[in-house]
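Below, chains carry the letters A, B, ... as their sequence lines are ordered, and counting in each starts from 1.
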Amino acid sequence: MAEKHYDPHAIEPKWQAVWERDRLYSVVEDDERPKKYVLEMFPYPSGDIHMGHVRNYSIGDVVARYYTMRGYNVLHPIGWDAFGLPAENAAIKSGTHPAEWTYANIDKQAASFKRMGFSYDWDRIVKTCDPEYYRWGQWIFLKFWERGLVERKSSPVNWCPSCKTVLANEQVIGDGVCWRCKSVVEKRELEQWFFKITAYAQELLDDLQKLPGWPERVKTMQANWIGRSEGAEVDFTLCDADGTPTDRRITVFTTRPDTLFGCTFFLLAPEHPLVDELVAGTEFEPAVRSVVEAAARESAIERQSGEARKIGAFIGRYVVNPVNGEKVPVWVANYVLMEYGTGAVMAVPCGDQRDFEFARQYGLPIPPVVVADDDALLDKLRGEGGRLIDDVPWDAAYDGPGVMVQSGEFTGMRGGKGSEGSKAVTAWLEERGLGRPAVNFRLRDWLISRQRYWGNPIPAIHCDRCGLVPVPEEELPVVLPMDVDITKGETLADHPEFYRVTCPRCGGAARRETDTMDTFTCSSWYYLRYCDARNDEEIFDKEKAAYWMPVDQYIGGIEHAILHLLYSRFFTKVFRDMGLVGFDEPFTNLLTQGMVKKDGETMSKSKGNVVAPEEMIARFGADALRAYILFMAPPDKDLEWSQEGLEGIYRFLNRVWRYVCDVYEQPGSAASGGSRADALERQRHRVIGKVTEDVERFQFNTALAAMMELLNAASEYRRDVPAEERDGEAEKRVARTLVLLLAPYAPHMAEELWHEVLGESESVHRQPWPEWDPELARAREVEYAVQVNGKVRGRVTLPADASAEQVEAAARELPKVAELLDRGEVVKVVVVPGKLVSFVVRG
RNA sequence: GCCCGGGUGGCGGAACUGGCAGACGCGUCGGUCUCAAAAACCGAUGGCCGAAAGGUCGUGCGGGUUCGAUUCCCGCCCCGGGCACCA
């Protein structure tokens, strides 16, 4: 018989050892049972675990344990996203090698996860810094290369001066700062490696519709990030210095071809190569130069703040507007982005706020071409195809739908985004070879090279004769050398033993690529590796992946709404096209958990408000900590840490413990227990139903509340009814139910009670989920609220199957109600079955 | 500026599909036990008026629909997040 006293510090290590010895959570493919793949985003081995980890992995653990009890074959793996900059920073600070620091932290975190009692299949562990793992990342790189998805190109890239490396666009967040260190990033023109994620832009957007199990807000963020725009490309003819049209064309992208007649100037980005070419040696050069230089000096913040002053200069050339043959001046302007579209823009000041401001600033004409239906200008311009008016009495551009005016043969048509007029103008241009329908995306290619040491080496070789040469597949992995002294600021580029190679193609002297891959490449496919983690023949066995994938439930932080989740979707689609997997999307359902806060702020060392999970385990045990973090709030909301709340849950676990022990030591003795025992049994069924429903919609807080209610009711029954009148079997059913329902939340305590008090021999975590009968759960009697003119004036208790007439009659008999009804005329009676009666009285 | 979330007691949070607002927990107050304290147990606990019965107000603010609104509609305010010169 168990100790009467609940002692988490004795039972938790005991069961952790048993589970590990029995490999309780190790799984293999099994066609007899339906599978569930429950996955939490794997951690970065930063050191001690924090409350965010506790929350993330507790949620996943409850889900995994629940589905196991429901009879599913559940895959629930863990691993470490182990490459990355903090290891290098730690190395510089303390002199330990990044590898040493990383592996020590992994061991530390793994020990903490075991102390938390998480049900991981430890046989499938993955560490991305192991050559056995990263070699497949290199293999992926080669396969992407074969498929034309790898590109090395020069472009303006984001440079983090603090991390001393380039960053992908997704990794520049907020006001132009680095996602990791929050430093302001700089723009640099560099030659870098890219993955061509834009080749999948349309599909990444379309397939969001295949994800009903994802939060709307994540899908919206991704859709905005991809940023699809529909419109047209329009070719403008460049004139020579004398104003004579040449045969050179400059193409622009526009979403508003219907406004082409309102184009009164033409803009080039400061970085546009034509600027230099066209202006060199002319009288316009000094003014243009100063604009270009001013633009280059603008920081990311200034440029993105929207308040940056618009500046520009005429470059002395003209282009011909294809739709009306008009010559319009070409300007350089700082608000035109080289990275979007073609780096050239047709300016329509009446319809675009930026162009409007620019025109006003430099005194350029603003002829209206699309006017709102209620605009006074319409009276004057309706049906006017020519240019009657050259300015507008507006103080802002109008970009809404309206009537086309001063637009030649298109005058009178509906204008606006995607309008009839837009389509007509595009068709007209296409017939004459001057334009065509086009789609543009905001999404850019994924810059994957990093100028850092602690990462996966890019398997490529630079040969003076052969150019860029992939490392042959059979030479993988390109092993990251361990003898790089990071404390001296060394990288692979300082390591001749690493980069001096012979070219695999011509055998001549060549130089190995010394950049490493973005760590997000490591985390874009780890969920597939879990399906077959120990395979050293191939990336994973297709059959095994086909069995487990896709991930049925993915759980992680909202901060990856774009980054990791977009990259993983991209990898999955490429893998599908390679024939490795047979599905489009890796994560069927996604749960984004909220942050754990203290005093309204995120916990951080610098704020000194960190609550260490290990300390809480030491005081109250892992079970209490797990249950508490789930009880505090629904998982997707931020939660506020409070020590007192944890003590409350600890008390609850103690009460469960005592109740179960008491019931099994001294059960009631009556053969059948009468109405109170019936009511208790009814509640037991109801609570099982409630807890089941709540786990499935991730309302762990209300599931625990329901268990508390059951315990409260059972305790009152025990307190109020003497032993000889109590139904001992009913009490034992409640105790057993509580143990089973609590097993996913407090796995150690449940296991201890299951074995030592209930006397069972098989693990509680292998038991079927308790069954319930909705029929038995239904109440026999219902209390009706009786309202008169919307206010509750009395209550009646009636059998659950009472008819509306019976309910109304009973309500009318209440003295207070009768009195109120007598005061006037009853004009309406509403009976809501099982809930209330409402009388409407006039008079 | 645009797009998403969210505003409910002293606190964390409940409330199915429009049906008794505040489940459950914390805290607080009172009590039992104790020489005392802790623990445990019992009871009270949205505001205001009232000795009580009861009344009345109350889910960010202002309107509306309805017998009935935390829930639906319109207009605002505040907080959090995302995007932001994307043509």
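Cation-pi check for Lys310(A) over Phe358(A) is not met; the charged atom does not lie both under 6.0 angstrom from the ring centroid and within 45 degrees of its normal.
Residue Lys828(A) has a polar side-chain atom (N or O) positioned under 4.0 Å from OP1 or OP2 of C67(B). In terms of phosphate contacts, Ser229(A) brings a side-chain nitrogen or oxygen within less than 4.0 Å of OP1 or OP2 of A87(B). In this model, the phosphate group of C85(B) is not approached by any side-chain N or O of Arg309(A) to a distance below 4.0 Å at OP1 or OP2.
For the C1' atom pair drawn from G5(B) and G10(B), the interatomic distance equals 26 Å after rounding to whole Å. C24(B) and C79(B) are spaced 27 Å apart, taking the C1' atom of each and rounding to whole Å.
Counting only N and O atoms by type, the side chains of Asn224(A) and Arg442(A) include no donor and acceptor under 3.5 Å apart.
Nucleotide G54(B) forms a pair with C49(B), judged by Watson-Crick or G-U wobble geometry with both contacts under 3.5 Å. Pair check for U66(B) finds none; no Watson-Crick or G-U wobble contact set falls under 3.5 Å. In this structure, C85(B) makes no Watson-Crick or G-U wobble pair, since no nucleotide meets both defining distances under 3.5 angstrom. Searching all strands for a Watson-Crick or G-U wobble partner of G18(B) with both distances below 3.5 Å returns nothing. Across every strand in view, C29(B) sits in a pair with G43(B) that passes the Watson-Crick or G-U test at under 3.5 angstrom.
Here Tyr362(A) and Trp331(A) bring their ring centres to under 6.0 angstrom of each other. With ring centers used as reference points, Phe620(A) lies 6.0 Å or more from Tyr628(A).
G63(B) takes the anti form, because its glycosidic angle lies more than 90° either side of 0.
Side-chain proximity of Lys835(A) to A14(B), C3(B), G19(B): nearest is G19(B). The side chain of Glu709(A) sits closest to A23(B) out of A23(B), A40(B), G55(B).
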